[in-house]
Amino acid sequence: MDATTRGTTAPASSPALGASVERREGREKVTGTARYAAEQPCPGRTHAWPVPASIARGRVTGIDTSAALEVPGVLAVLTHENAPELSEPDDATLAVLRDSRVPHRGWFVALVVGETLEAARAGAAAVRVDYSVEGHDVTLSSTHPGAYAPEQANDGYPGTREHGDPEGAFASAPVRIDTDYRVPPLHNHPLEPHATTAEWRDGRLTVHTSTQGATTVRTVLAGLFGIPEDHVTVRAEHVGGGFGSKGTPRPDVVLAAMAARHTGRPVTLAFPRRFMPAVVGHRAPTLHRLRLGAHPDGRLASLIHEVTTHTSRVKEFVEQAAVPARVMYAAPDSRTAHRVVPLDVPTPSWMRAPGEAPGMYALESAMDELATELGMDPVELRVVNEPDTEPDSGKPFSSRHLVECLREGARRFGWAGRDPRPRSRAEGPLLVGSGVAAATYPVLVHPSTAAARALPDGTFLVGINAADIGTGARTVLAQIAADALGVPVDRVRTEVGSSDLPAASLAGGSSGTASWGWAVHEACVRVAERLAEGPLPAEGIEVRADTAGRADADSPFARHAFGAHFAEVAVDTVTGETRVRRLLGVYAAGHILNSRTARSQFVGGMTMGLGMALTEGSTMDAAFGDFAESDLAAYHVPTHADVPDIEAHWIDEDDTRLNPMGSKGIGEIGIVGTAAAIGNAVFHATGVRLRELPLTPDRVLSGLRGRGGS
């Protein structure tokens, strides 16, 4: 398909699509009038505070709530002995206060409700819990005896895929790389913690909750409490980030609804940040073994990517970190496999680009090592291994402009002027280097429903239960509607974030805009057709469109977004500190629908990838079974100030095999290749290959000393 290079001010293909339109809720957010889940006005509101288990495995043998109930302002203490009985949830992480078991440290064993937040917190501190402690195991290793090969990894991918004779091809390859990489546990830390305000009235439940999918929350709550779905209203008008952790309902919404039913009062529950690592999911640690066999000209003969990760004993979740290797490069013989170890740890879950972020870090680091072994430019190595069709499925790509991204990125970055020799550029105690990595993310589309109304005053109203988690969904959906209607975007209003609106898929997997936008487009096209038939009735026109059966995952084409990341770093040989001076990304992600919000998404992902590379990482304490880094003082999230020069550009693809807008998701591709590009740049700067993230000063200094550096 045709593609042209576009920058952050790409000309629009229509008056609406592609334009740099300001996000509609921006003023509300910067002036503080946007209300989040815990800030909803609610007469008679009470507050709740959970009590987490202080053991890593065992059972509760007794709970003394007497002191808590004597705290002024405490209204109730819920435990497994008196909590409302609910139906069995499909998601076992929501089976809170059901029985005495403690599957991991931080599992909630009680909930205190008070007239004020302070009373609830003081009451929680006064609850006394006795336990029967059992032995625990929280340590992941590639040789763990409990490891098994799962049938499927996250999102339904086969656990293992094999083509040809990868072991034999590797053994006979003239050039071979056999190396290990380690990515630690990583944590979702959205600015807004997981929070819910719940109220029961006349047998109906209304919740304001911070979620990436209000439709799913309504279905789950109706099932748990045994009431019809139309008796549940879920609102999530503004959501302060999620990064996957709010993609499914979390215990806050269940506990708040439970407490509200028990007390007969509205209840607000907002998780303290230090509780979140144990109860809202995390990116599971991944241990990677990469074996690449190649011919002297760089063509891959064998690609073997094996991943070991952990899951909890509550629920199986397998980070699909070997899956990206099935998409990227033309290797005639390949094996990609997962092994998972059940441990006494919190249940892992989605975190921005699950599978792709850690998997591509390992693969793209190994490709850089192979380029060094071959004495070959790492950009050219990737170009040489460009496949004609998707290596795993054999399907043709709907569009794939990875080579163009690499070439354009190299041009903009000034790659041609790079001295390829490691440790070739010094500025006093600083060693300066540059690196490159590729990125991929699948195109996902899910069925959704939208309503479009033509109003007598000449304006239009579009409604869909989408979740705007900071991505600008309201704005881009208005642009899609305006394009389909053939009107200026300021004549379109959008309503999102309520289960009273037509049902929509969740905001996850970079699928939101493609899924919701398809439904919005269809509804608005039908409105435009009705308007063309005759004058507008006095009451206006409303049309609903449902994409079920049309948002087809079984496409004859392999649909993916691609990108290229370039990084320049300066490594201080005295302190071991690594500073990223420049980050540049070029992406092929379909037609870009809003150049302003798209750039924000790309840059945000790249900044998060910088954190993955240099600052973010969690340690599982083997003795206590707890994550040692449980707040933002210990878990270091980067800011934009940590990278002074960051650029995002794109190849605007004309791909008609996606959806009516020709768009691919952009929320996650920005993080996928960043960590590898930075790690490869650190190697180029220092000549030291570090294979465990994050690249902290102590690890860098150890590497330099091991090499004989300063």
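Start at 1 with the first residue, then count along the sequence. Values reported hereafter were calculated over all heavy atoms of this structure, with side chains retained and with hydrogens, waters and symmetry mates removed.
Cation-pi geometry between Arg689 and Phe683 is met: the NZ or CZ atom falls under 6.0 Å from the ring centre, inside 45° of the normal.
In this structure, CZ on Arg182 lies 11.0 Å from CG on Leu693, to the nearest 0.5 angstrom. To the nearest 0.5 Å, atom CZ of residue Phe566 and atom SG of residue Cys405 are 9.5 Å apart. Rounded to the nearest 0.5 Å, atoms CG (Asn188) and OG (Ser349) are 7.5 Å apart. The structure places CE of Met612 at 10.0 Å from CD1 of Ile678, a figure rounded to the nearest 0.5 Å. Within the model, atoms CZ of Phe602 and CD1 of Ile592 stand 4.0 Å from one another, a figure rounded to the nearest 0.5 Å. Here the NZ-OG1 distance, from Lys315 to Thr347, works out to 7.0 Å after rounding to the nearest 0.5 Å.
Residues His144 and Arg339 have side chains not in contact (no heavy-atom distance under 4.5 Å, counting atoms from C-beta outward). Glu356 has its side chain within reach of Gln320: a pair of non-hydrogen atoms, C-beta onward, lies under 4.5 Å apart. Arg289 places a side-chain heavy atom less than 4.5 Å from the side chain of Asp178. Looking at Ser555 and Ser398, their side chains never come closer than 4.5 Å, going by heavy atoms from C-beta outward. Between Tyr635 and Leu186, the closest side-chain pair of non-hydrogen atoms falls below 4.5 Å. Using a 4.5 Å heavy-atom threshold, the side chains of Tyr329 and Ser334 count as separate. The side-chain heavy atoms of Arg283 and Glu319, taken from C-beta on, include a pair separated by under 4.5 Å. In this structure, the side chains of Leu287 and Asp180 stay at 4.5 Å or more apart for every pair of heavy atoms.
Atom CG of Asp90 has 12 or fewer neighbouring heavy atoms from other residues, nucleotides or ligands inside a 6.0 Å radius.
Between Tyr181 and Tyr361, the ring planes lie perpendicular to each other; the angle is over 60°, past the 30° to 60° tilted range.
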Using distance only, find each side-chain donor-acceptor pair of residues 377-384 under 3.5 Å and give its atom names and separation, not counting sequence neighbours.
from   : atom 1 : to     : atom 2 : distance (Å)
Asp377 : OD1    : Val379 : N      : 2.8
Asp377 : OD1    : Glu380 : N      : 3.2
Asp377 : OD1    : Trp415 : NE1    : 3.4
Asp377 : OD2    : Trp415 : NE1    : 2.9
Glu380 : OE1    : Arg407 : NH2    : 3.4
Glu380 : OE2    : Arg407 : NH1    : 2.4
Arg382 : NE     : Glu364 : OE1    : 2.6
Arg382 : NH1    : Pro378 : O      : 2.9
Arg382 : NH2    : Glu364 : O      : 3.1
Arg382 : NH2    : Glu364 : OE1    : 3.0

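For Asp333, there are no salt bridge (charged side-chain N to carboxylate O under 4.0 Å, His left out) partners at least two apart in sequence or on another chain. Asp388 meets the side chain to side chain contact (heavy atoms under 4.5 Å, CB included) test with no other residue; sequence neighbours excluded. Among residues two or more places apart in sequence or in another chain, the side chain to side chain contact (heavy atoms under 4.5 Å, CB included) test is passed with Ala322 by His305, Val307, Thr336, His338. Shown here are the salt bridge (charged side-chain N to carboxylate O under 4.0 Å, His left out) partners of Glu167, two or more places apart in sequence or in another chain: Arg291.
Listed by first and then second residue, the salt bridge (charged side-chain N to carboxylate O under 4.0 Å, His left out) pairs involving residues 662-683 are Glu653-Lys664 (not counting sequence neighbours).
The two residues Gly247 and Leu506 have their closest heavy-atom pair at O-CD2, 3.4 Å. Scanning both residues, Met606 and Gly585, for their nearest heavy atoms gives CE-N, 3.5 Å. Ser302 and Ile304 get closest at one heavy-atom pair: OG-CG1, 3.8 Å. Of all non-hydrogen atoms in Ala685 and Val569, the two that sit nearest each other are CB-CG2, 4.3 Å. When every heavy atom of Ile480 is checked against every heavy atom of Thr513, the shortest pair comes out as CD1-CG2, 4.2 Å. When all heavy atoms of Gly435 and Ala681 are compared, the pair lying nearest together is N-CB, 3.4 Å.
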Check against side-chain contact (heavy atoms from CB on, under 4.5 Å), Ser245 and Met276: CA-CA 10 Å; Ser245 68; Met276 286 167 51; 5.8 Å; no

Salt bridge (Lys or Arg N to Asp or Glu O under 4.0 Å) assessment of Glu373 paired with Arg176: CA-CA 8 Å; Glu373 188 72 17; Arg176 295 188 297 272; over 6 Å; no

Candidate pair Ile666 and Ser510, rule side-chain contact (heavy atoms from CB on, under 4.5 Å), full reasoning: CA-CA 6 Å; Ile666 60 173; Ser510 296; over 6 Å; no

CA sep, side-chain torsions, deciding dist, call: Leu140, Val345, side-chain contact (heavy atoms from CB on, under 4.5 Å): CA-CA 10 Å; Leu140 175 67; Val345 297; over 6 Å; no

Derivation and outcome, side-chain contact (heavy atoms from CB on, under 4.5 Å), residues Lys246 and Ile469: CA-CA 10 Å; Lys246 298 174 184 175; Ile469 57 175; over 6 Å; no

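Within the 3.5 Å criterion, the main-chain N or O of Thr309 finds no donor-acceptor partner in the side chain of Thr286. Judged by distance alone, with hydrogens and angles left aside, the side-chain atoms of Ser600 form no donor-acceptor pair with the main-chain N or O of Arg596 at under 3.5 Å. Proximity of a side-chain donor or acceptor of Trp350 to a complementary backbone N or O of Phe243 within less than 3.5 Å is not detected. A donor-acceptor contact shorter than 3.5 Å is absent between the side chain of Ser511 and the backbone of Leu444. Listed for the Ser663 side chain is no donor-acceptor partner under 3.5 Å among the backbone atoms of Asn659. Side-chain N or O atoms of Asn385 include one that pairs as donor or acceptor with a backbone N or O of Gly298 at under 3.5 Å. Checked by atom type and distance alone, the side chain of Asp155 never pairs as donor or acceptor with a backbone atom of Tyr157 at under 3.5 Å. Side chain of Thr547 to backbone of Ser448: a donor-acceptor contact under 3.5 angstrom is found. Arg250 places no side-chain N or O within donor-acceptor distance of the main-chain N or O of His194, the cut-off being under 3.5 Å. For the pair Gln212 (side chain) and Ala467 (backbone), a donor-acceptor distance under 3.5 Å is absent.
A ring pair (Phe, Tyr, Trp, His ring centres under 6.0 Å) with Tyr587 is found for exactly one of His401, His560, His565, namely His565.
Between the side chains of Thr619 and Glu629, a donor-acceptor pair is found at a separation under 3.5 Å.
Between Arg326 and Glu390 no salt bridge is recorded (no basic side-chain N to carboxylate O distance below 4.0 Å). A salt bridge links Glu369 with Arg691; the closest basic N to acidic carboxylate O contact falls under 4.0 Å.
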